[in-house]
Amino acid sequence: MTVALTESTGCYTALSKETGEELKLAMQRLWLTGQVTPFGARLLVEHTFESAERRPVEVVYGFMLPQDAALRSFRVTGEGFEVSSDLQPVDKAVSAYEEGIDMGSLSVLARQYADGMMNLTVGNLRPGEPVRVILEIVAGVERHDDGFRFRFPFTLAPAYHRQARVVSMPGAGEMELPPEEFGDLILPTWKKDSSNLHEVGFDVEVIGGQGLTTVSSPSHGIMAAGEGSERRVGMAVEADVPNRDLVLEAKAADPWQIAWASEGTISALLGSSRFGEPDEDSPRRVVFVIDRSGSMHGKPFEQALKAVEVGIAALRPDDHFSIVAFDNEIEALSKRLLEANDRNRQVARDFLAGLHTCGGTELAMGVRAGAKALGRDGGDLLLLTDGQVFGTAKILKTARKAKARIHALGIGSASQDRFLAQLGRETGGQSRFLTSRERVDMALLDLFAGISPAVATDVEVRLDGKTLTTADVHVGRPLLVTGEGSGPELEIGWAEGGFALPVVEAPKRLGKTLRLLDGAAKITEVESRISGDPVGEDAGVLESLSREYGLASRVMALVAVVKREADKPGELPMTKVVPVGMPQDVEMDAYFDQGVYGLGSAESVGSALGQGEILGALIESRRQAIDASPARATREDEPFYRKVLGLGRRPDEDFDVPTVAWEDVLMEDASRLEADGGMPGDSLADRIAASLDLLERLTDHGSTRTKGAFRHHVRRLLDFLGEADLDEEQRNRLEELEARVERVFHLP
Amino acid sequence: MAERDTEMKSEQREWSLAELAEEVGLPARTVRFYIGRGLMPGPEKAGRGASYGQEHLERLQEIQRLQANGLTLAEISMRGEEVESASLPEPEAWWTYPIADGVEVRVRADQAPWRLRQIRRALAGLGQKLDKERDSSAGSGGRQGGKR
């Protein structure tokens, strides 16, 4: 074996002396099992190691914890041994690990760093020795009124940090973070081609607690078995590559209404619709904060711009708004909020049309600029970002100071959901996460539609006479209650109503899961306030929480040392870092400038200078392809027609634009609402006809006064048509549509 | 007393990995990581009682100094090789952009990708502007000629 700089990656790596080829990976497989519930997940993550080296190795695997997650323990198994981890203060755990290394023993350390990043280090792995490390992790989920979304990181995404140093190599990249903030964290090498990396897979149970209609995955092909409230979900293929998170989406038949008891812990989930309908007609003050950093480039950004346009169209004349776009610079529509009149809507459309992706992700700057535009009266920030930033504690600090509710929509195949969930929760807003292959526009519009005052305030939840929590309930966000105690039912009361909810035993196999989830959420919350190393009071609080719940944190790590026969003290293991795949749909260039090794930067500029010629050839080539086979044109071509061919909002007469999805058509039309709530037109008759037409199509696709992403548009259209002078036929049609809206509304 | 301890330590010619790591204020795992990456050689003596000498200490200090000056580990490892192979001054990478006829701009290559993209976009704009101004002055020159 020898060490050399490989041509393929530019990294130092182990090569076989005989063949000159790169030696096999030390980590072979990562397999996820466990239970996922609406309260959170308890997971076992099995890492299989086997080194083909001729001397012992020390393998470092880096990953990021999902939202509200913490490590509880690990087991190390191999030939003739099975050892469990100890939870110890970090310095003691590191000492124990180092002593084990020095003695030639198999040593394993799981240590957490800032931003929920982890290093799992397995030292003194002997040649050919199979070792499995099974981590037990508890993790939160993203809860909706009638479902939840679970996300597990199979890769670690690179992210923006002002002080990060990056190294670009052909097909790979490395990143180093400032040690004063991230200590001795070792990040992996990111590889563009993840096909030769370790394999990943999963086999999990989804336990709904009440009837589930579907369990699906926007990230992986899955097979789901079972019915009622439970499903067993596995991967449709034998194994996959580590280039994206696993995302599972469970839909419940009805809004959540469950209360579980388990080993002295009570957890309950109550859909917001249980508390009444929101007042969505009160004036809004909203700033759309758009991340236009280089990593947002592509379809998500285009869809986001369209969704903002549609959101602005739904504003009433007494609403106020602005737009802030940020990378490492700020571009704002206005310094203060604007009235949502026709003129300002057009100014906003023009502003959006001029935005493009570039630069880094200075998220705190975007939040500050948005909050400044809201001014002293406050309001809501609707943040659209991939959340790919390191050093999140500082951003959260800025967000808390901003005194605005932040609603975050995270996009990405390996999104920072841990951070964005906190951003939403700690400012009283909501958060949603999408993979890069899902529709951003519909989700953003739905998030926007949910910006309204609380459905119910000061909701008190009591158990056996003792108050567990008092909280406000917002539309779309179920109320989560966690506490200790016992009793047959929860009593829920607020100014306008109240009801009782029976408490049932949680499934036995969940064990202490509810309590552990509560602990992990508390630890995550404390850690989100710490930038740099935890010291003083912060460290004390964290250590106390870690000990109380038996969970690892920034100050408590997990360690195990396995003494084997024939351990050789003093032998230096060769340190190897497990590479990961670049997240799917994220260009290497977004973080690692591949131009340096690829075409060359100068050529890139040359391309930009000769854009006209290249564009001409591209358009002609696409035209020819579609002329030859119209069926080849897909929805993905739509932005191309609009942006590249400059066809504007409507298909050009002399160009046959292919069929697009109904969401695209509704988005396009809904974005054209005028300040009075009606569609544009040359005459009032035209406007009425167009408005009736759009209203019919919106209701056809399930939107009503109070339901669906387009509910604000439905109400605006009904307001306009209610005031307009309709003829008899139009009046009849409107009445029919109103009845349809009401009928849908009254469905259980 | 403390000064004398430091002096004694720096005069010491052999360290264990733990002692060496403590001497430079780095975790032992980081030192092993550097060795694994080829940034510095392994111990002088292997097995029980493995030891590290003055050259290891100096190399670690050099790595720390270079990192403080903004170099990445990959750059440091390449630099080490180049220095060993030839006593040439450290090369600097620059990109040359021919942005318009007769105009070239040089940009340091070791900047953050997002900064390079900003610069390239600005240069593209400048190039287009220069081309446009050249074309328009050529066009107006033609018209003036016509008037004459």
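Because only heavy atoms are used, hydrogens play no part in the values below, and waters and symmetry mates are left out as well, while side chains stay in. Here is the naming used below: chain letters follow the sequence lines, and residue numbers restart at 1 for every chain. The structure presented is a predicted model; accordingly, all values stated were derived computationally and were not measured.
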For T30(B), is it the side chain, the backbone, both, or neither that has a heavy atom closer than 4.5 Å to a heavy atom of chain A?
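The answer is the side chain of T30(B).
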
Below 4.5 Å from any heavy atom of chain A, which atoms of L73(B) appear? Answer side chain, backbone, both or neither.
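Contact with chain A is through both the backbone and side chain of L73(B).
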
Does any backbone or side-chain atom of [X] lie under 4.5 Å from a heavy atom of chain B? Answer side chain, backbone, both or neither.
X	result
L109(A)	neither
T121(A)	side chain
P573(A)	both
E329(A)	side chain
V57(A)	neither
D102(A)	neither
V577(A)	side chain

Salt-bridged, R32(B) to E98(A), with N to O below 4.0 Å?
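E98(A) and R32(B): salt-bridged.
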
Pair D131(B) + R134(B): basic N to acidic O under 4.0 Å:
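Counted as a salt bridge, because a side-chain N and a carboxylate O are separated by less than 4.0 Å.
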
Does Q64(B) use its side chain to pair, donor to acceptor, with the backbone of V24(B) at less than 3.5 Å?
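Yes: the side chain of Q64(B) pairs with the backbone of V24(B).
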
Check for a donor-acceptor pair, side chain of D567(A) on one end and backbone N or O of M103(A) on the other, with a separation under 3.5 Å.
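Flag not set: sc D567(A) to bb M103(A) has no pair under 3.5 Å.
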
Enter the distance from H161(A):NE2 to T361(A):OG1 here, rounded to the nearest 0.5 Å.
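Those atoms lie 12.0 Å apart.
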
Would you please test R165(A) and E75(B) for salt bridge (charged side-chain N to carboxylate O under 4.0 Å, His left out) and show each step?
CA-CA 11 Å; R165(A) 297 175 193 148; E75(B) 288 164 337; over 6 Å; no

Just give me the residue among G42(B), A18(B), P27(B) that pairs up with chain A most often, heavy atom to heavy atom, under 4.5 Å.
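Most heavy-atom pairs within the cutoff with chain A belong to P27(B).
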
Restricting to non-hydrogen atoms, name the atom on S105(A) and the atom on V561(A) that form the minimum distance, rounded to 0.1 Å.
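Looks like CB-CG1, 3.7 Å.
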
